[in-house]
Structures are given as C-alpha cells and as structure tokens.
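Report on one structure; see the data block that follows.
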Amino acid sequence: MLLRGYGTAGPWEWLTLLLVACAAWASEITFELPDNAKQCFYEEIVQGTKCTLEFQVITGGHYDVDCRLEGPDGSVLYKEMKKQYDSFTFTASRNGTYKFCFSNEFSTFTHKTVYFDFQVGEDPPLFPSENRATALTQMESACVSIHEALKSVIDYQTHFRLREAQGRSRAEDLNTRVAYWSIGEAIILLVVSVGQVFLLKSFFSDKRTTTTHVTS
Amino acid sequence: LALYFHIGEREEKCIIEDIPSDTLVVGNHKVQRWDLHMRDFLESAPGLGMFVTVTSPTSEVLLSKLYGPQGTFTFTSYISGEHIICFQSNSTRFAVIAGSKLRIHLDIRVGEHFLDESGIQAKDKVNEVNIRLENLIEQIHHVTREQEYEREREEKFRKTSEETNSNILWWAIVQTLILISVGIWQIKSLRDFFISKKLV
C-alpha cells in the first residue's frame, strides 16, 4: 500500500522496498464506545513483526475501559480491566489475525471516547534507494534526523492533545456539577427553612382547647 | 488496508478526528459482506457501497458521498475541532437475516501526506533531497497548526476553570447570605408568633 517512488531503483531495491513498506503500518482511531458495549478491531500481522498497541480514554465517567488483545489462536496476550491509559509492545509469534477489544460493559450509562494507536512494524527508511554500502551524504543524514525528530514531536503533540482533552472534559464536568449542586443546595436551604417555621407554627396552633401552659 | 472491524448491515459507525484547521485528511476504506453460503467475507458483493459522511465541529456537513465497496475520501478542515466521520452501508437488507454483518477496512491519514504523495520520481540526488526537504517543511507546518489549535484549546480550558472558580465563590456567598437572612426571618417570625399567642 505504501508504494512510493524513491528515485531510480533496480528490481531488487523495489522488492526490498515492497517488503519493507508492507511491514510498516500505524492506525490511530478515536471512537465513541457506548455504555454496555464492546468494540473489537482486527489486524493481520506477519510473524516476527514488532507491534505496539497504545490506548487512552479521553472522556466519560471514570475515564477507564477494559482492553484485551488476543492472538490468532485465541491466546490472550494482554488483558487489563478499567485502565485509563496503557501501552503494550509485543512481537507477533505467528502469522494470523490479531484481535483487540475495548469493553465498556461494566458501565451502566456513561459512554466513553477511546483513542488507540496500533503500530505494526518499524517505519521504512527515508532513503532506501541507497544501498547500505555507501554512507548517506550530510544532507541526507540531516534530513533523516530532522524527520525522526519531527516524528517524535508529532507523537508528543498527540499525547499532549489527548491529556489536555481529558483534563478539559473533567473541568467541564466539574463546572456543571458545581453549578447544579449550588442551585440545588440554595433551593433546599430556602425550602427547608421556610418549612421549619411553618411546621413549628402548626404545632402551636391546633391544640387551643387542650393547651398546656408553656411556662417560660 | 489492514485494520478492520465488524458492524451490522444498517448500522452506522462513527469515528472522531480532532484536528486543526486547514488540515487535509485522506481515508481509504473497503467494505465486505459476510456470505452465509461460503461462510466467509466476499471480496465484493454486487451493489454494496458505503455512505461516508463528514461533519464539522459546527455540525455542518463537509462531505456526504456514496462510494463503491472500495474507495478513498478526502476532505480539508475549515475550522479546528472535532470532526466526525461516519460510515454506513447502502444495504437495504435488515440485520434480521441471521449472522449477516459487514467488515469495514479503514485507514485514515491526517495531515500526513508528506510521505505518500511524493509519487514524483526524483531524477537525481539533488531532486531527491529537494523532495525530502519539502516533505519536512510540510511536516513542520502540520506541527505549527497543531500548536496553534492547542493554544485555542488551552484558552478554552482556562476559561472553564476560571468560570468554575468564580461559580464556587459566587454561590458560596449567595448561600451564606440566604442562610443569614432566612435565619433572621425565622427568629423574627417565631418571636412575633409566640408574642401573638401570649406564650412569651
């Protein structure tokens, strides 16, 4: 899928490029998981590929979710309950379809927004048409290091964005809760105080005929 | 198209993309239907297509198109915020047919066209480095746009926190005033009541 032209390349270079390009993949998706729901994703992985699954809950309830990663033979590679954020790296021990599921089944009415990033394989090298025998020129090595640095910047930015989204979601929850609770409390205060006085007055009004003198 | 998931025939599945403005998003998708006879997902079923709908943060529809079983959609965001991309098949069958489900393959790339679109063949070394540098510049622009968006969101976050703070303060004052005034009213009212009943 990631076939691109990198200058002039012979057939062997194309083949290695093809193999390397197919091995590298990263999917990141943010989706909403309704209450009592489970959402599973599948990916076909070649044996020996190093993969990383990272997920984070952005909004909803206690900001936690169950996550489960299974291999092609059904063996559970990773299982965690009620986690807010985690990162799991593994090497595929066999070819096949790997499945990972997020479950919100423990929650009764909050739906969660979950972000996950599933990285399969390493990224292809920037200048693959160079055979490894000759060293890269200074320009090319500078490009490579800038590219790596920028990739890491973008990665940090994504993480920061998610943390900020989570923090903001909590702050907005807090704000609405404070508003409603304060209004409710003020109303209760008024109602109870006024009610107390009328109740007390009613104790003394009815028993006119059988009054017991309250000696002061 | 490696990552896939299953949905029902008429079900709509949405994903959220929180992106800055002027960002290009490219998505590749493929949909397959489960065949009961062959007990496998067909490569392509006749007439099967997918509705892709993209909604901006202001609930404006940016894209709403019907694609075939396999396709690519792109859109550029005008406003920064949460864009919602929804997928729904155009199947008219109901999920009552037992075991019928769809498999959707998905690959979404946000702002990251700096590596894929260079289908331009570089003629020589200088050109190749040139292309690389242009890609790097594009990457840096993406980082800058994200930073700008982050600044906007931090401002919103700070406003919410300050609003909570002033809410708490204001409501605490109001409640204390209510408490004091109601207390005074209570005592006065009861005193007048008891005096009128000749109990005091």
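The structure displayed is predicted, hence computed values, not measured ones. When reading the values below, keep in mind they use all heavy atoms of this one structure, side chains included, and skip hydrogens, waters and symmetry mates.
The shortest heavy-atom contact between B:Leu133 and A:Cys143 is CD2-SG, 3.8 Å. B:Ser189 and A:Lys201 make their closest contact through OG-NZ, 3.1 Å (heavy atoms, listed as atom of the first residue, atom of the second, distance). Here the closest heavy-atom approach between residue B:Trp171 and residue A:Ala186 is recorded as CZ3-CB, 4.3 Å. Considering every non-hydrogen atom in both B:Leu136 and A:Leu150, the closest pair reads O-CD1, 3.8 Å.
Neither the backbone nor the side chain of A:Tyr156 has a heavy atom closer than 4.5 Å to any heavy atom of chain B. Residue A:Ile45: no heavy atom, backbone or side chain, is found under 4.5 Å from chain B. Both the backbone and the side chain of A:Ile146 come within contact range of chain B, judged by heavy atoms closer than 4.5 Å. Heavy-atom distances place the side chain of A:Thr97, and not its backbone, under 4.5 Å from chain B.
Salt-bridge annotation for A:Arg161 and B:Glu150: absent, with no side-chain N of the basic residue lying under 4.0 Å from a carboxylate O of the acidic one.
Put simply, the side chain of A:Glu32 never gets that close to the backbone of B:Cys14: no donor and acceptor are under 3.5 Å apart. Side chain of A:Gln157 to backbone of B:Val143: a donor-acceptor contact under 3.5 angstrom is found.
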Next item on the list: Show the numbers, then the answer: is there a side-chain contact (heavy atoms from CB on, under 4.5 Å) between B:Phe193 and A:Val197?
Entry: CA-CA 10 Å; B:Phe193 178 70; A:Val197 170; over 6 Å; no
- Evaluation steps, side-chain hydrogen bond (donor to acceptor under 3.5 Å, both in side chains), between B:Gln139 and A:Lys151: CA-CA 9 Å; B:Gln139 227 173 347; A:Lys151 270 207 320 221; over 6 Å; no
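No other option in B:Ile7, B:Val182, B:Asp18 has as many heavy-atom pairs under 4.5 Å with chain A as B:Asp18. Contact count versus chain B (heavy atoms, under 4.5 Å) is highest, among A:Gln39, A:Glu164, A:Glu44, for A:Glu164.
The aromatic rings of A:Tyr42 and B:His6 sit tilted relative to each other, their planes meeting at an angle between 30° and 60°.
At least one side-chain heavy atom of B:Ile178 sits under 4.5 Å from a side-chain heavy atom of A:Leu190. B:His142 places a side-chain heavy atom less than 4.5 Å from the side chain of A:Ile154.
In this structure, A:His111 places its NE2 atom where only 12 or fewer heavy-atom neighbours from other residues, nucleotides or ligands lie under 6.0 Å away.
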